[in-house]
Amino acid sequence: LEPEGEQRAGEERAVQVGSLPAHELASRDDDHRPRAARGGPAAAPAPGFIPVDTAWTRITRVPPAASPAYDATHAFVPFSTGDLTAFVLATGEPRWTQPAPTSFAPAADGTRVIVVSETSVQAFRATDGEPLWRVPTPGVIVSAPVATSGWVVVALDSGQLRALRAETGAQVWSTELEAIPSSAPV
């Protein structure tokens with residue numbers, strides 16, 4: 001999801017979601033290599049250069065604040081107004097909007113979407129945007145959250161890495177790193 005062109009005050013922006021053309025999708029394996037490429041490495045496309053068709057375009061008045069997160073049915077877009085909007089992937093229609101100011105990409109785990117502010121972590125139900133929990137952190141969050149396997153992991157400016165239960169936001173563990181993280185935990 002990327003805005004098109006330069007943004008001037010008061011102008012609209014286009015947000016697009018793409019998908020592989022049906023004939024391309026049907027001709028690829030799970031690793032996205034064309035089935036025809038099995039004959040040798042020279043026939044495989046360069047990583048990141050798979051053709052994509054535009055599935056839909058949504059005009060917005062404000063730019064995204066960060067990259068979106070995706071689950072099987074939604075794109076979760078944080079906007080510079082401080083709102084998080086869930087768009088239905090199949091149609092581009094907005095499903096819900098909640099206030100959730102962030103400068104980092106959210107994380108989606110199939111059930112929840114996780115958003116971090118400067119000093120808190122918040123979870124929303126992916127299907128309807130219902131707030132599930134919000135947890136303050138003892139420091140400034142310095143990267144996007146990671147949500148996987150029932151866990152949410154965030155990095156703080158103190159060098160602390162914290163793991164929370166995705167279902168409740170309860171802290172499971174924390175550890176001190178030797179340096180301040182400069183990217184999302186993996």
Side-chain angles (χ1 to χ4, degrees), residues 1-35 45-117 120-134 143-154 166-167 169 184 186:
L1 238 124
E2 293 297 326
E4 292 181 341
E6 300 267 334
Q7 174 75 23
R8 292 185 186 90
E11 287 186 351
E12 295 179 335
R13 284 199 172 250
V15 179
Q16 294 185 338
V17 168
S19 65
L20 285 175
H23 71 278
E24 279 288 327
L25 195 55
S27 68
R28 294 182 180 271
D29 288 323
D30 288 339
D31 65 357
H32 301 293
R33 286 187 23 202
R35 289 192 180 110
F49 291 100
I50 298 172
V52 175
D53 287 341
T54 299
W56 52 263
T57 300
R58 172 63 60 182
I59 303 299
T60 64
R61 294 213 171 265
V62 295
S67 297
Y70 300 92
D71 67 12
T73 57
H74 297 93
F76 304 99
V77 182
F79 285 101
S80 61
T81 56
D83 288 335
L84 177 70
T85 300
F87 292 95
V88 178
L89 281 178
T91 64
E93 292 301 312
R95 172 69 51 93
W96 54 262
T97 298
Q98 285 284 0
T102 187
S103 57
F104 294 111
D109 69 1
T111 302
R112 292 162 290 272
V113 59
I114 310 297
V115 179
V116 296
S117 68
S120 69
V121 184
Q122 185 169 8
F124 298 93
R125 189 169 29 232
T127 55
D128 60 10
E130 177 72 24
L132 299 173
W133 51 262
R134 182 183 188 101
S143 68
V146 173
T148 186
S149 303
W151 298 62
V152 174
V153 180
V154 295
E167 187 175 329
V186 291

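Given the structure is predicted, the values throughout are model-derived calculations rather than measurements.
Nearest heavy atom pair, residue P78 against residue P68, reads CD-CA, 4.2 Å. Summarising the geometry of L132 relative to R112, their closest heavy-atom pair is CD1-CG, 3.4 Å, with the distance given to 0.1 Å. Across every non-hydrogen atom of T54 and T57, the tightest pair is CG2-OG1, 3.7 Å. Nearest heavy-atom pair, S103 versus A66, reported as atom, atom and distance to 0.1 Å: O-CB, 3.8 Å. When all heavy atoms of W96 and A126 are compared, the closest pair comes out as NE1-O, 2.9 Å. In plain terms, the two heavy atoms of A108 and Y70 that are nearest each other are CB-O, 3.6 Å.
With rounding to the nearest 0.5 Å, the separation of CZ in F76 from CG in D71 is 4.0 Å. Remark: F124 CZ to T97 OG1 distance equals 10.5 Å, nearest 0.5 Å.
Taking the six-membered ring for Trp and thresholds of 30 and 60 degrees, F79 and F87 have ring planes more than 60 degrees apart, a perpendicular arrangement.
Side-chain atoms of Q98 and P131, non-hydrogen and from C-beta on, do get closer than 4.5 Å to each other. A heavy-atom distance below 4.5 Å is found between the side chains of D83 and P99. Looking at heavy atoms from C-beta onward, V121 lies in side-chain contact with W133 at the 4.5 angstrom threshold.
Not a single donor-acceptor pair under 3.5 Å links the side chain of S117 to the backbone N or O of P101. Of the possible polar contacts, none joining the S149 side chain to the W151 backbone as a donor-acceptor pair under 3.5 Å is found.
Remark: E167 engages no residue in a salt bridge (charged side-chain N to carboxylate O under 4.0 Å, His left out) (not counting sequence neighbours). Listed by chain and number, the residues in a side-chain hydrogen bond (donor to acceptor under 3.5 Å, both in side chains) with E93 are R58 (sequence neighbours excluded).
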*Could you walk me through whether T73 and L89 pass side chain to side chain contact (heavy atoms under 4.5 Å, CB included), step by step?*
CA-CA 5 Å; T73 57; L89 281 178; 5.7 Å; no
